[in-house]
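For reference, the structure discussed in these notes is given below.
Worth knowing before you read on, the calculation uses all heavy atoms, side chains too, and leaves out hydrogens, waters and symmetry mates. The structure displayed is predicted, hence computed values, not measured ones.
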Amino acid sequence: MKQPGLAGNPLNQVELSSKGKIFENLGPDPLIEQALLRGEGRLVSSGALLVSTGKHTGRAARDKYFVCRGDDWEDQIAWSELNKPISAEVFDRLYHKMLAYFSNRDAFLQQRVVGAHPDFHFPVRVITDTAWQSLSIRNLFRSPQEFVDSRQPGYTIYSAIGCLADPVLDGTRSDTFICIDFAQNLILIGGSGYAGEIKKAMFTALHLEYPLQGILSMHCSANIGPNGDTALFFGLSGTGKTTLSSTPERCLIGDDEHAWCNSGVFNLEGGCYAKTLNLNASDEPIIWAAVNQRGTVIENALTYPESDEIDFRNDSITENTRASYPIDRIPNFVRGGKGNHPSNIFFLSADAFGVLPPISRLLPQQIEHYFLSGYTAKLAGTEDGLGKEPKTTFSACFALPFLPLKPKIYAQMLLEKVNHHNSAVWLVNTGWIGGSYGVGSRIPLAFTRRMISAALNGELSNEAFSTESYFGLSIPQRVNGIPTDILRPSTLWASLDAYEEHAKQLKEAFQANLQQYE
């Protein structure tokens, strides 16, 4: 088993011997100035810095590798196409290639912290070859001033857009590489300018570090109510995880990464990395205001012609346009980044087949099933080869690309904590009703907010529930402010036969996916 804190720790000595300058811990304004001087981006009308991430506008999930050094804990890794092994010799060669790359150019170094817990935070040093990535990481990770000492090992991350692997010599899949050496607490990222690669590489490392200490790492947002009740929101991209957790009525703990220990829930980050496609002030006023400020970094968006104003509806470069900003931009954020054990947990699924009910309470025996499923649906037209029908997407624990260990380990930890703390778990469909995508309609955001509010404030505790026939889901018979027929998906379909056909297909897809965990 890995022994955190006992491994080699390159954080104590960052091996940079550069002919250029090393810019350490620059603040937002100096980093913006450097980014503009170097032609890395431009300021838009809101004052935000607009940049391009190059060929990668999202994570290069199949270019991620874990270093094998023969340690006992490597047997616990869930090796797969998303968790590829790489030898220590290849890693060391890439490491020296990285050092040689930085020896001839300027470098930007940020000392940050990940984890808002006095006992379970990790100091992190991030070295990048661009000023804008340094600003993004300053936005996303926590200030080192929060904690002086740490019982956890420090991590060092080198991220260089221009440092490329040679697939023939290095045995990599492409010239892009994300390599994590858990033994040395060292992460190398080459060939990608996507800032989310840095954020998620560290998140992946914590998905091994925390479970080995009995702490559940989670890909979820979290907020806290006026009475101190904590809620978690799990969901894949496009399901509303960030949107639904950012509300004026509750305080935001964090929008994406958390951990659950014996004392409660704590945030891992110090900022937000929000999707901005179709962002508007009326539907998401809190996020809109946070994004449109100086110091925000916006990735891969476009401005209106002959204007410096962002066109948030334009997806010409990518649908995955992103903005990084510090969490204190959210007016009602939780300064300490911690909350109590969750009273309510929401699994968000954007069901484009129009089958799942808008809200249902999961029975104890269903929780592990839906957590391991991590279901949502991709829409026709969003990717090449999807055809006319939506495509089921399953990501175990709503976090499969970030799980070094076997998914059942995380699922069983969640179930144990839910049972111990009597947390209510809800399945929420933020997708379609009255038919599948192209026939039915998207569930209005206002309706979803109302149903979640009813669960949070205890309204649904006094309501009767009925059992849906295909999945055995418990559906409330009434929710104040919601038309009754919306709660039961089959009633809105023009053809009951068509509904049953889609429901059967979705149920079979769930069953086929779960066979790998049986």
Interatomic distance, CG@Asp181 vs CG@Leu188, rounded to 0.5 Å, equals 8.0 Å

Would you say that Thr247 contacts Glu249 through its side chain, given a criterion of any heavy-atom pair below 4.5 Å between the two side chains?
yes

Distance-only polar pair, side chains of Tyr273 and Glu299, donor-acceptor under 3.5 Å:
yes

Margin query: Walk me through whether Ile359 and Leu460 qualify under side chain to side chain contact (heavy atoms under 4.5 Å, CB included).
Written below: CA-CA 11 Å; Ile359 189 167; Leu460 299 187; 4.1 Å; yes

**Message:** Is there a side-chain contact between Tyr155 and Glu209 in this structure, where contact means two heavy atoms from C-beta onward sitting under 4.5 Å apart?
**Reply:** yes

Q) Does Asp255 reach the main-chain N or O of Cys272 with its side chain, forming a donor-acceptor pair under 3.5 Å? A) no

| field | Donor-acceptor under 3.5 Å (Asn25 side chain, Gln111 main chain) | value | yes

(Q) Closer than 3.5 angstrom, by distance alone: can the side chain of Asn223 be matched with the main-chain N or O of Ser245 as a donor-acceptor pair? (A) yes

Between the OG atom in Ser373 and the CZ atom in Phe510, the distance rounded to the nearest 0.5 Å is 5.0 Å

Here the gap from Ser453 atom OG to Arg250 atom CZ, rounded to the nearest 0.5 Å, amounts to 8.5 Å

Salt-bridge present (Asp256, Lys200; N to O < 4.0 Å)
yes

| Polar side chain donor-acceptor pair, Ser282 to Asn280, under 3.5 angstrom | yes

query = Any side-chain heavy atom of Glu468 within less than 4.5 Å of one from Arg488?
reply = no

Problem - Test item: Gln366 side-chain N/O and Leu363 main-chain N/O as donor-acceptor pair under 3.5 Å - result: yes

NE2 of His207 to CG of Leu405, rounded to nearest 0.5 Å, is 9.5 Å

Q.
Can you see whether Thr53 engages Arg322 through a side-chain donor-acceptor pair at a distance of less than 3.5 angstrom?
A. no

With Phe234 as partner, the option from Phe346, Phe347, Tyr375 fulfilling ring-ring contact (aromatic ring centres under 6.0 Å, His included) is Phe347

Tightest non-hydrogen contact, residues Val479 and Ala454, listed as CG1-CB, 3.9 Å

query = Between Ile287 and Tyr325, is a side chain to side chain contact (heavy atoms under 4.5 Å, CB included) present by the stated rule, with each step listed?
reply = CA-CA 10 Å; Ile287 299 175; Tyr325 52 86; 3.8 Å; yes

Let me see the working for Phe371 and Val425 under side chain to side chain contact (heavy atoms under 4.5 Å, CB included), right down to the final yes or no. CA-CA 10 Å; Phe371 191 58; Val425 182; over 6 Å; no

In terms of heavy-atom contacts, Tyr370 and Leu427 come closest through CE2-CD2, 3.8 Å

* To do: Take atom NZ of Lys406 as the centre, draw a 6.0 Å sphere, and report whether it contains more than 12 heavy atoms from other residues, nucleotides or ligands.
  => no

Open item on the list: Side chains of Pro476 and Phe465, heavy atoms from C-beta outward: is any pair under 4.5 Å?
Closed with: yes

query: Between Arg112 (side chain) and Arg142 (backbone), is there a donor-acceptor pair under 3.5 Å?
result: yes

Output for pair (Asn340 CG, Ile253 CD1), nearest 0.5 Å, gives 8.0 Å

| query | Do Gln110 and Ser134 have a side chain donor and acceptor closer than 3.5 Å? | reply | yes

Would the distance check show the side chain of Asn429 and the main-chain N or O of Leu356 forming a donor-acceptor pair, the cut-off being under 3.5 Å? yes

Side-chain touch Leu348/Phe398, heavy atoms, less than 4.5 angstrom: no

Note to self: For the backbone of Ser159 and the side chain of Thr128, can you confirm whether one donor and one acceptor N or O come within less than 3.5 Å of each other?
What the structure shows: no

Quiz item: Do Phe266 and Tyr210 pass the ring-ring contact (aromatic ring centres under 6.0 Å, His included) test, and can you show the C-alpha distance, the side-chain angles, and the key distance before you say yes or no?
Solution: CA-CA 12 Å; Phe266 61 94; Tyr210 280 137; 5.8 Å; yes

Is there a donor-acceptor pair under 3.5 Å between the side chain of Ser246 and the backbone N or O of Thr242?
yes

task: Say whether, by atom type as modelled, one donor and one acceptor occur between the side chain of Ser349 and the main chain of Asp351 under 3.5 angstrom.
output: no

| message | Do Arg59 and Pro401 make a side-chain contact, defined as non-hydrogen atoms from C-beta onward lying under 4.5 Å apart? | response | yes

Quiz prompt | Contact check, side chains of Tyr158 and Leu186, non-hydrogen atoms, under 4.5 Å | solution = yes

What one should report as the nearest heavy-atom pair of Phe182 and Asn185 is O-ND2, 3.4 Å

Tightest non-hydrogen contact, residues Asn267 and Glu257, listed as OD1-O, 2.7 Å

Gly354 and Pro489 have their tightest heavy-atom pair at O-CB, 4.0 Å

Taking 4.0 angstrom as the limit, do Glu459 and Arg450 come out as a salt bridge? yes

Hits for side chain to side chain contact (heavy atoms under 4.5 Å, CB included) against Thr393, two or more places apart or cross-chain, chain-then-number order -> Leu236, Thr376, Lys378

Note to self: For Leu514 and His369: C-alpha separation, side-chain torsions, deciding distance, then whether side chain to side chain contact (heavy atoms under 4.5 Å, CB included) applies.
What the structure shows: CA-CA 8 Å; Leu514 287 169; His369 171 104; 2.8 Å; yes

Taken to the nearest 0.5 Å, the spacing of Asn419 CG from His421 NE2 works out to 10.5 Å

Heavy atoms of His341 and Cys261 approach each other most closely as CE1-O, 3.4 Å

**Report entry** Met202 and Val126, any side-chain heavy atoms less than 4.5 Å apart
**Finding:** no

Answer yes or no: is there a donor N or O on one side and an acceptor on the other, between the side chain of Glu197 and the main chain of Gly193, under 3.5 Å?
no

The side chain to side chain contact (heavy atoms under 4.5 Å, CB included) partners of Thr318 (sequence neighbours excluded) come to Thr57, Asn300, Asn320, Thr321

